[in-house]
Amino acid sequence: MAGTTTRAVRHYHRLGLLPVPPVVGGRRDYGLEHLARLLRIRWLAESGLRLSQIAEILPEQQPSDRDAVLESLRATRATIDAQVAQLHAQQKRIDVLIETVERGERLSPVPTVIEQFYDDVESATESMEGSKVIRGERRIMTFLATQGFTPRNTADFLDAVSQEDRVLFAQLVVEFATLPQRTLQEQKESIDHLLQESLHIIDRYKKYIADVLAQLPTGRTGRAAWSIMQRLYELQFSHPSQQAYLQEYMKAMFADEEIGPILRRSAGEGWIV
């Protein structure tokens with residue numbers, strides 16, 4: 001009659017929500033008062049109250065304290081409001097995902113323009129080593145995107161990168177990827193070449209890079225994000241020669257008169273050995 005299960009009724013008994021009836025003829029003798037209380041318990045539970053709250057609202061003997069009941073009900077309403085707001089937010093995110101798929105784009109937390117840039121570079125590398133580096137960069141960017149560490153104006157920067165520089169970047173990616181395969185002397189020469197070419201690219205797009213860096217979080221949040229990013233690069237590109245290049249590259253960035261001060265506001269002295 002209550003539309004519930006024996007297991008649920010026994011659970012209510014254990015919690016003290018429902019009085020245990022006397023045993024008559026070897027069976028528990030439930031009366032109308034038990035059914036009425038059970039229905040009230042289920043009604044309140046379906047309204048969103050926790051069982052612990054129901055236990056306070058429905059004492060067995062004396063009438064409930066009105067203020068306490070109101071406080072519990074209002075707290076439950078606030079919880080439901082928060083859940084409704086969360087559902088609305090999820091609904092909006094799902095709508096965005098639907099629109100993304102309808103446009104023929106991939107589902108990724110990384111902005112489409114960044115994904116497209118990596119697609120262009122990976123297709124231009126034409127090597128397994130280069131593709132492996134790009135996939136590593138994608139993993140790092142996915143993590144950073146989920147943490148809100150990809151400024152919106154990144155799109156302006158990547159849109160401005162010419163096709164020639166995308167091809168050049170692809171060549172540098174391949175050279176970076178093959179660093180571990182070289183002799184120590186070749187590694188040193190290659191690191192110098194990589195750094196020189198990378199700084200030329202930076203000079204061509206310095207205004208865009210400065211604008212992107214200026215949008216990054218500062219203070220403790222910024223330093224924490226940069227620390228995580230450094231750790232991700234250490235995990236993804238762990239070979240000493242690759243780490244040596246990354247260190248030299250970041251040192252050059254920090255030493256730049258225009259970019260350095262902006263970078264320090266976000267990263268502190270991060271990534272400087």
Side-chain angles (χ1 to χ4, degrees), residues 3 42-54 72-125 131-163 165-166 169-170 173 205 207-233 235-236 262 265-267:
R42 288 178 54 75
W43 175 65
L44 290 169
E46 290 170 358
S47 297
L49 273 73
R50 299 187 303 274
L51 294 181
S52 59
Q53 294 175 303
I54 295 174
S72 183
L73 291 174
R74 286 168 178 158
T76 301
R77 172 57 189 265
T79 299
I80 293 173
D81 287 342
Q83 292 171 342
V84 169
Q86 183 180 27
L87 286 172
H88 280 311
Q90 290 175 342
Q91 184 183 52
K92 290 180 180 178
R93 289 198 292 271
I94 288 295
D95 287 342
V96 171
L97 296 180
I98 291 173
E99 292 173 359
T100 299
V101 175
E102 288 177 342
R103 290 194 301 267
E105 300 172 5
R106 73 181 72 184
L107 287 178
S108 171
V110 179
T112 301
V113 66
I114 298 179
E115 291 281 13
Q116 185 60 55
F117 176 79
Y118 284 132
D119 286 344
D120 291 346
V121 173
E122 185 170 2
S123 63
T125 58
S131 293
K132 185 177 179 180
V133 169
I134 294 301
R135 288 195 296 270
E137 281 276 352
R138 286 184 190 271
R139 296 188 192 104
I140 293 173
M141 287 304 301
T142 297
F143 175 83
L144 296 176
T146 61
Q147 304 302 306
F149 206 57
T150 50
R152 292 183 178 181
N153 55 3
T154 303
D156 296 333
F157 164 45
L158 295 180
D159 280 340
V161 178
S162 67
Q163 187 60 38
D165 279 331
R166 290 172 191 252
F169 187 75
V173 165
Y205 303 101
K207 177 184 180 301
Y208 292 101
I209 295 173
D211 288 342
V212 170
L213 293 175
Q215 296 299 313
L216 294 177
T218 59
R220 183 179 300 178
T221 302
R223 291 193 298 274
W226 277 97
S227 177
I228 291 172
M229 184 159 57
Q230 180 174 7
R231 181 57 178 153
L232 291 175
Y233 273 96
L235 291 171
Q236 187 64 51
I262 302 173
R265 286 200 294 271
S266 177

> Looking only at heavy atoms, which two atoms of Met141 and Thr150 are closest? And how far apart?
Replying inline: CE-CG2, 3.5 Å
> If you look at every heavy atom in Asn153 and Gln215, which pair is closest and at what distance?
Replying inline: ND2-CG, 3.2 Å
> In Å, rounded to the nearest 0.5 Å, how long is the span from CG of Leu235 to CD1 of Ile140?
Replying inline: 8.5 Å
> Hey, does the side chain of Thr218 reach the backbone of Ser266 with a donor-acceptor pair shorter than 3.5 angstrom?
Replying inline: no
>> Can you give me the closest heavy-atom contact between Ala45 and Ile54, atom names plus distance?
In response: N-CD1, 3.6 Å
>> Do Tyr205 and Asp165 have side chains that approach each other closer than 4.5 Å (heavy atoms only, starting at C-beta)?
In response: yes
> Going by the salt bridge (Lys or Arg N to Asp or Glu O under 4.0 Å) test, which pairs reach into residues 207-232, not counting sequence neighbours?
Replying inline: Lys207-Asp211, Arg231-Glu234
> CG/Leu158 to CD/Gln116 distance, rounded to the nearest 0.5 angstrom?
Replying inline: 10.5 Å
> In Å, rounded to the nearest 0.5 Å, how long is the span from OG of Ser47 to CD of Gln53?
Replying inline: 11.5 Å
>> Testing the basics here: between Ala214 and Ile262, what is the closest heavy-atom pair and its distance to 0.1 Å?
In response: N-CG2, 3.6 Å
> Between Glu122 and Arg135, is a side-chain contact (heavy atoms from CB on, under 4.5 Å) present by the stated rule, with each step listed?
Replying inline: CA-CA 9 Å; Glu122 185 170 2; Arg135 288 195 296 270; 3.9 Å; yes
>> Assess the residue pair Thr154 and Val113 against the criterion (side-chain contact (heavy atoms from CB on, under 4.5 Å)); give the C-alpha distance rounded to whole Å, side-chain angles, the decisive distance to 0.1 Å, and a yes or no.
In response: CA-CA 8 Å; Thr154 303; Val113 66; 5.7 Å; no
> Does Tyr208 OH have over 12 foreign heavy atoms under 6.0 Å away?
Replying inline: no
> Once you round to the nearest 0.5 Å, how far does OG1 of Thr112 lie from CD1 of Ile114?
Replying inline: 9.5 Å
>> Can you tell me how far apart CZ (Arg166) and CD (Gln163) are? Round to the nearest 0.5 Å.
In response: 6.5 Å
> So, are Arg138 and Asp119 salt-bridged, with charged N and O less than 4.0 Å apart?
Replying inline: yes
> If you measure from CD on Gln90 to CG on Leu97, what distance do you get to the nearest 0.5 Å?
Replying inline: 11.5 Å
> Do other residues, nucleotides or ligands put more than 12 heavy atoms under 6.0 Å from Arg152 CZ?
Replying inline: no
> Does the side chain of Gln91 pick up a donor-acceptor pair with the side chain of Asp95 at under 3.5 Å?
Replying inline: no
> Where do Ile228 and Phe143 come nearest, in terms of heavy atoms and distance?
Replying inline: CG2-CE2, 3.2 Å
> If every non-hydrogen atom of Ile80 is compared with every non-hydrogen atom of Gly48, which pair is closest and at what distance?
Replying inline: CD1-CA, 4.4 Å
